[in-house]
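Computed over heavy atoms, backbone and side chain alike; hydrogens, waters and symmetry mates excluded. For reference, positions follow the sequence shown, starting with 1. Only a predicted model underlies this, so the values are computations on that prediction, with no experimental measurement involved.
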Amino acid sequence: QAPLVESGGGLVQPGGSLRLSCTASRSVFSNYKSGWYRQAPGNQREMVASITTFGSTEYADSVKARFTISRDNAKNTIDLQMNSLKPEDTAVYYCRRGRLPYRDFTGDDYWGQGTQVTVSS
């Protein structure tokens, strides 16, 4: 079973909303930096939002004020609320969890398999 599993993707019209959720089957999020990334066809994977162990968040400029990342320790999920979606938000969205507790991301982190988000009328 994959260590991280994303859900909540789908097709939505411009201006609509989606909520993505990432669950961990064999670990927790509470002590690890986590984030959401996306990759559109022909583009490199880019950071969308991240949240540290202490709850500090960071967002890509293109999604500020529209997307919100959150962590639910009781449910053991990392969520991404996406509002005012635009066609350029279309991409496969991936969840990432740091491998080392209380540390920044490394090149050896855990990744989910991705969930497709398509914004189109």
Side-chain angles (χ1 to χ4, degrees):
Q1 188 175 4
L4 301 178
V5 178
E6 302 96 337
S7 63
L11 174 63
V12 63
Q13 292 186 341
S17 298
L18 281 176
R19 187 176 183 87
L20 305 182
S21 187
C22 177
T23 60
S25 61
R26 300 191 298 269
S27 61
V28 298
F29 287 109
S30 57
N31 298 333
Y32 300 86
K33 183 175 181 178
S34 301
W36 285 94
Y37 287 67
R38 67 186 181 187
Q39 186 167 18
N43 291 354
Q44 290 187 335
R45 191 173 297 188
E46 62 176 359
M47 191 275 288
V48 175
S50 66
I51 183 166
T52 69
T53 304
F54 304 103
S56 297
T57 57
E58 182 180 0
Y59 296 92
D61 288 343
S62 59
V63 306
K64 282 181 180 177
R66 299 189 297 123
F67 291 11
T68 302
I69 189 171
S70 60
R71 181 175 58 232
D72 188 327
N73 291 336
K75 295 180 180 179
N76 198 33
T77 61
I78 295 289
D79 298 326
L80 184 69
Q81 178 66 42
M82 305 186 295
N83 299 328
S84 302
L85 283 161
K86 305 176 181 179
E88 50 263 43
D89 294 318
T90 295
V92 177
Y93 283 70
Y94 298 89
C95 178
R96 179 183 189 181
R97 200 214 77 171
R99 183 174 289 272
L100 301 176
Y102 303 102
R103 298 291 182 87
D104 205 345
F105 288 136
T106 69
D108 194 29
D109 296 326
Y110 295 107
W111 290 87
Q113 294 185 330
T115 184
Q116 176 70 46
V117 172
T118 302
V119 185
S120 175
S121 55

All side chain to side chain contact (heavy atoms under 4.5 Å, CB included) counterparts of Val12, not counting sequence neighbours: Leu18, Leu85, Val119

Spatial distance of atom OG1 (Thr77) from atom CG (Asp72) [nearest 0.5 Å]: 4.5 Å

Closest contact, heavy atoms only, Ala24 versus Asn76: O-ND2, 3.3 Å

Pairwise ring pair (Phe, Tyr, Trp, His ring centres under 6.0 Å) hits with a residue in residues 56-93, at least two apart: none

Considering all heavy atoms, the nearest Gly98-Phe105 contact: N-CE2, 3.7 Å

Distance-only polar pair, side chains of Ser17 and Asn83, donor-acceptor under 3.5 Å: yes

Residue pair Asp89, Met82: steps toward the side-chain contact (heavy atoms from CB on, under 4.5 Å) verdict: CA-CA 9 Å; Asp89 294 318; Met82 305 186 295; over 6 Å; no

Donor-acceptor under 3.5 Å (Arg71 side chain, Thr53 main chain): yes

Spatial distance of atom CD1 (Ile69) from atom CD (Gln81) [nearest 0.5 Å]: 12.5 Å

Listed partners of Ser62 passing side chain to side chain contact (heavy atoms under 4.5 Å, CB included), at least two apart: Arg38, Ala60

Cys95, Ser21, Cys22 screened by side chain to side chain contact (heavy atoms under 4.5 Å, CB included) with Ser7, the one that passes: Ser21

Other residues, nucleotides, ligands: >12 heavy atoms within 6.0 Å of Arg103 CZ: no

Sequence neighbours excluded - salt bridge (charged side-chain N to carboxylate O under 4.0 Å, His left out) pairs with any residue from residues 107-121: Arg96-Asp109, Arg99-Asp108

Shortest non-hydrogen separation from Ser70 to Arg19 and the atoms involved: OG-NH2, 3.7 Å

Qualifying residues under side chain to side chain contact (heavy atoms under 4.5 Å, CB included), relative to Ser56, sequence neighbours excluded: Thr52

Exceeds 12 heavy-atom contacts within 6.0 angstrom, atom CD of Glu88: yes

Heavy-atom closest pair, residues Pro14 and Ser120: CD-C, 3.6 Å

Member of Ile78, Thr23, Leu20, Thr115 meeting the side chain to side chain contact (heavy atoms under 4.5 Å, CB included) criterion with Glu6: Thr115

Working for side-chain contact (heavy atoms from CB on, under 4.5 Å), residues Ser50 and Lys33: CA-CA 7 Å; Ser50 66; Lys33 183 175 181 178; 3.9 Å; yes

Rounded distance (nearest 0.5 Å) linking atom CZ of Arg97 with atom CD1 of Ile51: 14.0 Å

Check ion pair Lys64-Asp61 (N to O, under 4.0 angstrom): yes

Pairwise ring pair (Phe, Tyr, Trp, His ring centres under 6.0 Å) hits with a residue in residues 16-52, at least two apart: Tyr37-Trp111

